[in-house]
Amino acid sequence: MKFRGPLLTVLLAGAFGLCVGPFWWLAMAATQDDKDVFSWPPKLLPGSHLMENLQGLQESIGLTRVLVNTLVVAGLQTVGAVVVSVLAGYAFAKFDFRGRNLFFVLLLSTLVIPDAVMLIPIFQMMMDLGLIDSYESVVLPGLVTPFGIFLMRQALRSMPDELLDAARVDGAGELRVLWRIVIPVNRPIIAALALFVFLGGWNQFVWPLIALRSPEMYTLPVATATLQGLSTTDYAQVLLAGAIAAIPVMALFLVLQRQFISGLLAGATKE
């Protein structure tokens, strides 16, 4: 038993290395020259080609424009999907209307439909609306997330109806009840949903590749794919694009982690 502490420390250090090691190599390889990316032993210290790789990305894919496109698409999808999920989840959880259970079952059934099956119908819809090669063509299909609605519905069902009824008796309308009571109480769940939706919107590749035609509208995953040539590929630039793609997701998690911690503390201190 006396070796339990050191053994646990070694196991945790090994797990930490397995989790962080690939990200560290990615960041360091992004600062190397292309010929040094796959050198052995791998170079795990910063190189001197970061600015050169950044300039190459700017010239190859228009890095600044691509980042703006990706932020706009992921940001609009996140805000829209969270709003729709909260409103729909609130309706399914707290309102009794005809066909509620049927509509909810139909909503859940869409979770088993592969995304690839929906590509052609969504493309035809965007074509009919004249939205191909625009932000709207990428953002609109992601505004309704069945998982998000299910998550919010399950979270809101646990709220006592007496609390909401007391606010209504005091003269609060449904939107005020939602804004003043429902959202603050469920802030950790909403933060988690926002993180999931942003991650999906930031990393989506197949649908933007189909919906966007002009390079000026490309998002970061689509633009990164164009760096892979038929004969030669600058892997240092590809890895740098991957490292840049990871930064906003990490930053968003650091911003929202306070909500997760507050949710855990609230749950731990309930009587």
Side-chain angles (χ1 to χ4, degrees), residues 19-32 46-47 49-86 115 134-145 147-148 151 187-209 211-212 214-228 234-263:
C19 294
V20 177
F23 292 100
W24 180 260
W25 176 83
L26 173 66
M28 296 303 100
T31 65
Q32 307 290 341
H49 293 79
L50 176 60
M51 298 308 299
E52 179 181 337
N53 293 336
L54 278 174
Q55 184 178 359
L57 275 180
Q58 183 64 33
E59 295 174 355
S60 301
I61 63 175
L63 181 61
T64 303
R65 183 191 65 251
V66 165
L67 285 175
V68 171
N69 292 341
T70 314
L71 282 172
V72 169
V73 169
L76 291 177
Q77 273 193 352
T78 301
V79 174
V82 168
V83 171
V84 171
S85 298
V86 170
D115 293 338
S134 66
Y135 288 140
E136 292 87 348
S137 64
V138 183
V139 172
L140 288 177
L143 293 185
V144 179
T145 57
F147 170 75
L151 180 67
R187 202 163 40 183
I189 301 297
I190 295 174
L193 176 61
L195 183 62
F196 291 145
V197 175
F198 183 86
L199 181 61
W202 181 265
N203 291 328
Q204 63 178 334
F205 172 72
V206 175
W207 174 242
L209 179 65
L212 302 176
S214 57
E216 293 77 15
M217 296 298 300
Y218 281 172
T219 57
L220 185 58
V222 177
T224 302
T226 63
L227 294 173
Q228 300 180 8
D234 193 326
Y235 288 102
Q237 292 186 19
V238 174
L239 293 173
L240 179 58
I244 293 174
I247 293 175
V249 177
M250 293 181 181
L252 183 62
F253 177 78
L254 291 176
V255 170
L256 296 180
Q257 70 172 341
R258 185 175 180 181
Q259 303 298 330
F260 296 123
I261 295 174
S262 65

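Atoms considered below: every heavy atom in the structure, side chains included; atoms not considered: hydrogens, waters and symmetry mates. This chain uses plain numbering: 1 for the first residue, then up along the sequence.
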Legend entry - Shortest non-hydrogen contact from T219 toward V66: C-CG1, 3.6 Å
In residues 72-80, what donor-acceptor pairs under 3.5 Å come from side-chain atoms, sequence neighbours left out?
{"from": "Q77", "atom 1": "NE2", "to": "V138", "atom 2": "O", "distance (Å)": "2.8"}
{"from": "T78", "atom 1": "OG1", "to": "A74", "atom 2": "O", "distance (Å)": "2.7"}
{"from": "T78", "atom 1": "OG1", "to": "F198", "atom 2": "N", "distance (Å)": "3.4"}

Legend entry - Heavy-atom donor-acceptor pair, N53 side chain to Q32 backbone, under 3.5 Å: yes
Inset, instruction - Go through the steps to decide whether S60 and L227 satisfy the test side chain to side chain contact (heavy atoms under 4.5 Å, CB included), and finish with yes or no. - result: CA-CA 8 Å; S60 301; L227 294 173; 3.7 Å; yes
Legend entry - Side-chain (T70) to main-chain (L220) donor-acceptor, under 3.5 angstrom: yes
Inset, instruction - Mind listing the closest non-hydrogen atom pair of L193 and G148 along with its distance? - result: CD1-CA, 3.6 Å
Inset, instruction - Over all heavy atoms of both residues, which pair between P141 and E136 is shortest? Give the atoms and the distance, please. - result: CD-O, 4.1 Å
Inset, instruction - Please test L240 against L50 for side chain to side chain contact (heavy atoms under 4.5 Å, CB included), starting from the C-alpha separation and ending with a verdict. - result: CA-CA 8 Å; L240 179 58; L50 176 60; 3.8 Å; yes
Legend entry - CG-CE distance between L239 and M28, expressed to the nearest 0.5 angstrom: 12.0 Å
Inset, instruction - State which residue, out of I61, T226, L209, fulfils the side chain to side chain contact (heavy atoms under 4.5 Å, CB included) condition with Y218. - result: T226
Inset, instruction - Output the distance between atom CG (L140) and atom OG (S134), rounded to the nearest 0.5 Å. - result: 8.0 Å
Legend entry - Distance-minimising heavy-atom pair for P215 and R65: O-NH2, 3.4 Å
Legend entry - Atom of P22, atom of C19 and distance for their closest heavy-atom approach: CD-O, 3.8 Å
Legend entry - Distance-minimising heavy-atom pair for I244 and L63: CD1-CD2, 3.8 Å
Legend entry - Any T145 side-chain heavy atom under 4.5 Å of F196 side chain: no
Legend entry - W207 side, atom CH2; S137 side, atom OG - distance, nearest 0.5 Å: 6.5 Å
Inset, instruction - Would you indicate whether Q55, at its atom CD, is surrounded by more than 12 heavy atoms from other residues, nucleotides or ligands within a distance under 6.0 Å? - result: no
Inset, instruction - I would like to know whether T224 and F205 meet side chain to side chain contact (heavy atoms under 4.5 Å, CB included); could you show each step before the answer? - result: CA-CA 10 Å; T224 302; F205 172 72; over 6 Å; no
Inset, instruction - Please say whether more than 12 non-hydrogen atoms of neighbouring residues, nucleotides or ligands are located less than 6.0 Å from OH in Y135. - result: yes
Legend entry - Audit row: W202, L71, side chain to side chain contact (heavy atoms under 4.5 Å, CB included) steps and yes/no: CA-CA 7 Å; W202 181 265; L71 282 172; 3.5 Å; yes
